[in-house]
Student: 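Handing you a structure now.
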Amino acid sequence: MSLRDAIVSQFKRPRGLLGRIVGWILAGRGSNLKRNRWTVDRIDPTSGEIVLEAGCGPGVGLSLCLERPNVKAVGVDHSDVMIAQAAKRNCKAVRAGRLTLIQGTVETLPADVGPFDKAFSINVIQFVDQAAFVAAMKRHLKPGGLLATTYQPRHAKATRADVLKLATKVSEILSAEGFGALRVEELDLKPVPAVCVLARKAA
Ligand SMILES: C[S@@+](CC[C@H](N)C(=O)[O-])C[C@H]1O[C@@H](n2cnc3c(N)ncnc32)[C@H](O)[C@@H]1O
């Protein structure tokens, strides 16, 4: 495996010491913090709601959800290293019973942890079978629930056209799954924008 492939594989599934470093990078990098805050603002969790983050990494997006009063959350990630970092970052919420962290995938998530008012992912969609991922997120949402999928490519030479292509593909999958109120928003980041595709499960 090339060094580049080794680094990309760490972002796909952080493991061991390198994986811990990847978690620290995700939690400290300005562009990731902006992407996370922007996405959580898009779904706007409010009092009494329960939110799912798929591929929660070190738990930055979950922290932003849990800053909001009387919001509960579940984070799922297939990396044990990321689940440990998310637990440490959000230990008060875990102790208070406001946050549940599960090592696994959204496809294997037990049905009884939901259903959720809102569900989101940030820079996970590029790593998964997108149709299976959207179908699984849909299963865990309440009728009328909101799904947000954020993506900003990190590879060299990525272009805005790559961002929009992914947004179009995700939008098509959401429409085929019967989601409505579809909208695509862009965040101006360097070197390429981030995109968030939002849609509601049929009521
Ligand atoms: C680039 S990181 C982003 C982490 C976090 N969302 C953030 O913005 O800081 C991608 C994360 O998705 C997780 N991941 C990738 N594919 C996954 C899958 N099929 N199921 C669960 N987690 C997955 C990885 O383990 C990693 O923590």
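For the single chain, residues carry numbers from 1 onward in sequence order. Order of appearance sets the numbers: ligands from 1, and atoms from 1 within every ligand. Keep in mind that this is a model prediction, so the values were computed, not measured.
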Student: What are the two closest non-hydrogen atoms of F11 and F127, and how far apart are they?
Tutor: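 Heavy-atom minimum between the residues: O-CE1, 3.6 Å.
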
Student: May I have the step-by-step check of salt bridge (Lys or Arg N to Asp or Glu O under 4.0 Å) for R160 and E186, ending in yes or no?
Tutor: CA-CA 10 Å; R160 180 168 177 265; E186 254 181 81; 2.9 Å; yes

Student: Heavy-atom distances under 4.0 Å are what count here, so tell me which part of I122 touches ligand 1: side chain, backbone, both or neither.
Tutor: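 Near ligand 1, I122 shows its backbone as well as its side chain.
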
Student: Do me a favour and list the nearest non-hydrogen protein atom to atom 19 (N) of ligand 1 with residue, atom name and distance?
Tutor: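 Protein heavy atom with the smallest distance to atom 19 (N) of ligand 1: V128 CG1, 3.5 Å.
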
Student: Measuring from non-hydrogen atoms of V60 to any atom of ligand 1, is the shortest distance under 4.0 Å?
Tutor: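 Per 4.0 Å heavy-atom rule, V60 does not contact ligand 1.
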
Student: Just distances here: any N/O of N123 and N/O of ligand 1 closer than 3.5 Å?
Tutor: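 No, there is no polar N/O contact under 3.5 Å.
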
Student: With heavy-atom distances below 4.0 Å as the criterion, list the atoms of ligand 1 near G57.
Tutor: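 That gives atoms 4 (C), 27 (O) of ligand 1.
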
Student: Distance-only, no hydrogens or angles: does the Q10 side chain make a donor-acceptor pair with backbone N or O of R15 under 3.5 Å?
Tutor: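 Judged by distance alone, yes, a pair lies under 3.5 Å.
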
Student: Can you tell me how far the CZ atom of R37 sits from the CG atom of L187, to the nearest 0.5 Å?
Tutor: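 So the gap between those two atoms works out to 12.5 Å.
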
Student: As an exercise, identify every atom of ligand 1 less than 4.0 angstrom from a heavy atom of G104.
Tutor: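 Counting from 1, the qualifying ligand atoms are 20 (N), 21 (C).
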
Student: Quick check on contacts: which atoms of ligand 1 are under 4.0 angstrom from a heavy atom of E53?
Tutor: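 Reading through ligand 1 atom by atom, the close ones are 6 (N).
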
Student: Can a salt bridge be assigned to the pair R68 and D41 using a cut-off of 4.0 Å between side-chain N and carboxylate O?
Tutor: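 Yes, charged N to carboxylate O under 4.0 Å.
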
Student: When you look at NZ of K142, are more than 12 heavy atoms from neighbouring residues, nucleotides or ligands closer to it than 6.0 Å?
Tutor: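 Check passes, neighbour count above 12.
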
Student: Examine the proximity of ligand 1 to A54 and report which part, side chain or backbone, both or neither, has a heavy atom under 4.0 Å away.
Tutor: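 The answer is neither.
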
Student: Regarding ligand 1, does N36 bring an N or O atom to under 3.5 Å of one of the ligand's N or O atoms?
Tutor: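 Among all N and O atoms of N36, at least one is under 3.5 Å from an N or O of ligand 1.
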
Student: So, D44 and K118, do they make that salt bridge, N to O below 4.0 Å?
Tutor: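 Salt bridge between D44 and K118, a charged N being under 4.0 Å from a carboxylate O: no.
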
Student: Run the numbers for me: atoms of ligand 1, each under 4.0 Å from some heavy atom of V124, listed by number.
Tutor: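 It comes down to these atoms of ligand 1: 12 (O).
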
Student: Examine M82 against ligand 1 and note whether any of their N/O atoms are separated by less than 3.5 Å.
Tutor: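 In fact, backbone or side chain, M82 has no N or O that close.
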
Student: Work out which heavy atom in N90 is nearest to a heavy atom in G59; give both atom names and the distance.
Tutor: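 The answer is ND2-O, 3.2 Å.
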
Student: Side chain or backbone of K12 under 4.0 Å from ligand 1, or both, or neither, by non-hydrogen atoms?
Tutor: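 The answer is the backbone of K12.
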
Student: Does G61 have a heavy atom less than 4.0 Å from any atom of ligand 1?
Tutor: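 It does not; every heavy atom stays at 4.0 Å or beyond.
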
Student: Can you tell me if R139 has over 12 outside heavy atoms packed within less than 6.0 Å of its CZ?
Tutor: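 Counting neighbours around CZ of R139, more than 12 heavy atoms of other residues, nucleotides or ligands fall under 6.0 Å, so yes.
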
Student: If you count the atoms of ligand 1 from 1 in the order shown, which ones are under 4.0 Å from a heavy atom of S79?
Tutor: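 Counting from 1, the qualifying ligand atoms are 25 (O).
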
Student: Any atoms of ligand 1 less than 4.0 Å from a non-hydrogen atom of C56? List them with their elements.
Tutor: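 Listed by number with element, the hits are 5 (C).
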
Student: State the atoms of ligand 1, each with its element, that fall below the 4.0 Å cut-off from a heavy-atom position in R13.
Tutor: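 Here the atoms of ligand 1 in question are 25 (O).
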
Student: Between D162 and T159, is there a donor-acceptor pair closer than 3.5 Å when you use the side chain of the first and the backbone of the second?
Tutor: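 Checking the backbone N and O of T159 against the side chain of D162, a donor-acceptor pair under 3.5 Å is found.
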
Student: Out of D77, T150, I102, V81, indicate the one that has the non-hydrogen atom closest to atom 11 (C) of ligand 1.
Tutor: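 Selected option, by shortest heavy-atom distance: D77.
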
